[in-house]
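This report concerns only the one structure given below.
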There are 2 protein chains.
Amino acid sequence: MLTDRQLFILQAIVDGYIHSAEPVGSRSLSKQSGMSYSPATLRNEMADLEEMGFLEKPHSSSGRIPSERGYRHYVDHLLLPHQLSSREIHDLRSLFARKVMETEQVVKQSATILSELTSYASIVLGPEIFESKLKQVQIIPLNDRTAVAILVTDTGHVENHTVSLPEALKSSDLEKIANILNDRLRGVPLYQLQNKITTEVAGLLRQHVTNYREALSFTEETLQKSSEEKVYYGGKANLLSQPEFKDVDKVRMIFELLEEDHTMHELLKPEQSGLMIRIGQENANQAFEDCSIISASYSFNGNPVGTISIVGPTRMEYPRVIGLIEHLSRDLSKVLTNLYTDLY
Amino acid sequence: MLTDRQLFILQAIVDGYIHSAEPVGSRSLSKQSGMSYSPATLRNEMADLEEMGFLEKPHSSSGRIPSERGYRHYVDHLLLPHQLSSREIHDLRSLFARKVMETEQVVKQSATILSELTSYASIVLGPEIFESKLKQVQIIPLNDRTAVAILVTDTGHVENHTVSLPEALKSSDLEKIANILNDRLRGVPLYQLQNKITTEVAGLLRQHVTNYREALSFTEETLQKSSEEKVYYGGKANLLSQPEFKDVDKVRMIFELLEEDHTMHELLKPEQSGLMIRIGQENANQAFEDCSIISASYSFNGNPVGTISIVGPTRMEYPRVIGLIEHLSRDLSKVLTNLYTDLY
DNA sequence: TTTAGCACTCGGATATCCGGAGTGCTAACA
DNA sequence: TGTTAGCACTCCGGATATCCGAGTGCTAAA
């Protein structure tokens, strides 16, 4: 495998390229502080590293840049843990400073702050409310045709939508329906609500409400979960400052993809918990072939419910981004869990 | 002023440039169908139009392009009303097809559809809930430290946030507080809520709740309006297909501005109702100097509560965009008003 | 007043040149 | 045997020159 010296040189080249965006040549590398080898020696080692697939040359007489494999090795074996600056820590903390907060706000802000700190683009998913349990249902008639249905979960999430009100249902019926739902469905995970309508609710409705048919379909509408996937973006414009994205056509593909919330959700949804790093082609997506994506999930009560991610060029400041993302995902998990978990 | 012939030529040049993005020369203009003048004649007229400031030349021996004044004149006096295609009408209608809907969803989708139909970028400002009136307050404790406060308005908007629960307040206190608020504040416009706390609510709290101090500050938190401005974007990536935005630096400024929700809100908030067209420098913003913005407000019960806008290059398909925007803003206003207005 | 003719302009595409940073290879050296 | 100096070679990128074509303004004729 690789000698220590080769590892050292690989690391120096990746670091150098990450910061300069220019291919690294033997001469400039040799002049770098801490590098005690002559250009010729370095050239030999660099040729070997290239042969093994860790480096490549944009053209035959240029310096070396890391290949994807080079980055991968760097990320897996050479990464120095990054110490967050106090500025960074302070900025992350500020997210949770407010007393009154909406989870949605916090998550949205996370995206913004993350992109500001990294100067890459950030994508934050979630939190998923799939598994959270119904706490309360409210049906509030606004006028004779329209009502608002509100579902509150144990995670403090409030889901609401406007439903049309069948003429046949009187307001006393609405109250009965709401009572039945609260009675029978409290504690039921949202994804089971539709099931429970037939198994538990339908019978009761038939018994207690005159217009059974309207009541049932109204109930179904009321409990309909918004299938909306929550995807928040921050700092997409940052990508335009990166030298690798000077070409509009390349960047257009990326931006188009970044507007497809559904695709992005599929790409980033929290599967395994922990950190995930995808470099270049590993993204299995044409548009991201020059990008790396680093993501981490955050969790509520130990279950991953969302992810925070950074998209940047493959030439990304991996150590710093990883440090930030890990820190923030821990904080997010902690705050969510603290806020919404029963202590007893 | 301008002769009929000059108007006709100006119109032909603007139309031509809008569709080709290339400066229009006398020769090609003369060959255009319906144009019965020789290149030389056109050159004379074009020189006159340039002297009057309606046209300009990118360089001394190129064809003409419209100046901002030229576009302005085109928009104000030459615009042919555009007939929407049935495809366009169908797409717009699909927005309102669902039975269960959230206003927020509809508004968000408007942005997407608008940008797809125009292939420019769209910005939609959400319905302001400033003036809408409180319908109901709910306080739902989640655990011993946290509660969810829910405000429902007569426009079907549901505002919610997580508030921390002072230990001193028992759940019976919460109920009392909720009752007082519902009793006293129903029908009060949201922007007056904070006022009413001191004038109406504080006294009652002192009478009925033991821990007056905590109760009061808790109430204030409960009624805090989220100062969030709702700004939705669609199809920003479309801008990258426009030939005038091939230069990344130019486009970066635009994208950065488009990420500042607050600035965009200031720029586009519904002041006068009706259509607004801002061409190039009229936007009074460096980043938008090569853009035009067309916006129209939509209203609820006759009050403008939001706007829908299109951002594109100054070389924009004004007739089509105006047609689409006017149509959609009318539809939006109609639907909102129908859904949430009492008939009696 | 309109048009044809003509000399002129300028941008953009293409070709050519040149310097510099970098490489690989060979041979000398520790 | 591993390291280093030397050298010829490569290739990119910027600068310069050239050419072509679309378009213009002006003048003079219709």
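So that the names make sense, note that chain A is the first sequence line, chain B the second, and so on, each numbered from 1.
- For A/R5, a side-chain nitrogen or oxygen approaches OP1 or OP2 of D/dT3 to under 4.0 Å.
- Nucleotide D/dG23 holds its C1' atom 12 Å from the NZ atom of B/K31, rounded to whole Å.
- Rounded to an integer number of Å, the gap from B/Y17 OH to D/dG23 P is 14 Å.
- Nearest nucleotide to the side chain of A/S26, out of D/dG25, C/dT3, C/dT23: C/dT23.
- Just one of A/S119, A/S122, A/S292 meets the side chain to side chain contact (heavy atoms under 4.5 Å, CB included) condition when paired with A/I310; it is A/S122.
- The shortest distance between the side-chain N/O atoms of B/S60 and the OP1/OP2 oxygens of D/dT24 is not below 4.0 Å.
- Nearest nucleotide to the side chain of A/S38, out of D/dT24, D/dA5, C/dT9: D/dA5.
- Distance A/E51 CD to C/dG24 C1': 12 Å, rounded to the nearest Å.
- Mapping A/N44 and B/S61 onto DNA chain C by nearest heavy atom places B/S61 at the nucleotide closer to the 5' end.
- Relative ring orientation between A/F255 and B/F255 is described as perpendicular, the plane-to-plane angle rising above 60° on a 0-90° scale split at 30° and 60°.
- Listed nucleotides C/dA21, C/dC10, D/dG23 differ in distance to B/S28; the shortest reach to its side chain belongs to D/dG23.
- On a pure distance criterion of 3.5 Å, no polar donor-acceptor pair joins the side chain of A/R43 and the base of D/dG2.
- When distances run from any side-chain atom of B/R64 to the nucleotides C/dG22, D/dG25, C/dT9, the shortest one goes to D/dG25.
- Out of C/dG24, C/dT3, D/dG23, the shortest distance to the side chain of B/A40 is found at C/dT3.
- Note that A/R278 lies outside the cation-pi zone of A/F288, set by a 6.0 Å cut-off to the ring centre and a 45° limit from the axis.
- When every heavy atom of A/Y17 is checked against every heavy atom of A/V24, the shortest pair comes out as N-CG2, 3.9 Å.
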Could you pull out every donor-acceptor pair under 3.5 Å between side chains of residues 50-59 of chain A and any protein atom, sequence neighbours left out?
from  : atom 1 : to    : atom 2 : distance (Å)
A/E50 : OE1    : A/R64 : NE     : 2.8
A/E50 : OE1    : A/R64 : NH2    : 2.9
A/K57 : NZ     : A/S60 : O      : 3.4

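- Under 4.0 Å is where a charged nitrogen must lie from a carboxylate oxygen, and between A/E282 and A/R72 at least one such pair does.
- Phosphate contact (OP1/OP2 of D/dC12, side-chain N/O of A/K57, threshold under 4.0 Å): absent.
- Atom CG of A/L29 is separated from atom C1' of D/dT4 by 16 Å (rounded to the nearest Å).
- Nucleic acid contact class of B/S62 (heavy atoms, under 4.0 Å, all strands): sugar-phosphate only.
- Between B/H59 and B/Y37, it is B/Y37 whose nearest contact on DNA chain C lies nearer the 5' terminus.
- Between B/T41 and the phosphate of C/dT2, there is no side-chain N or O to OP1/OP2 separation shorter than 4.0 Å.
- Rounded to whole Å, the distance from CE on B/M46 to P on D/dG25 is 8 Å.
- With rounding to whole Å, B/M35 atom CE is found 14 Å from C/dT2 atom P.
- Distance B/E56 CD to D/dT24 P: 14 Å, rounded to the nearest Å.
- Atoms CD (A/Q6) and P (D/dG2) sit 12 Å apart, rounded to a whole Å.
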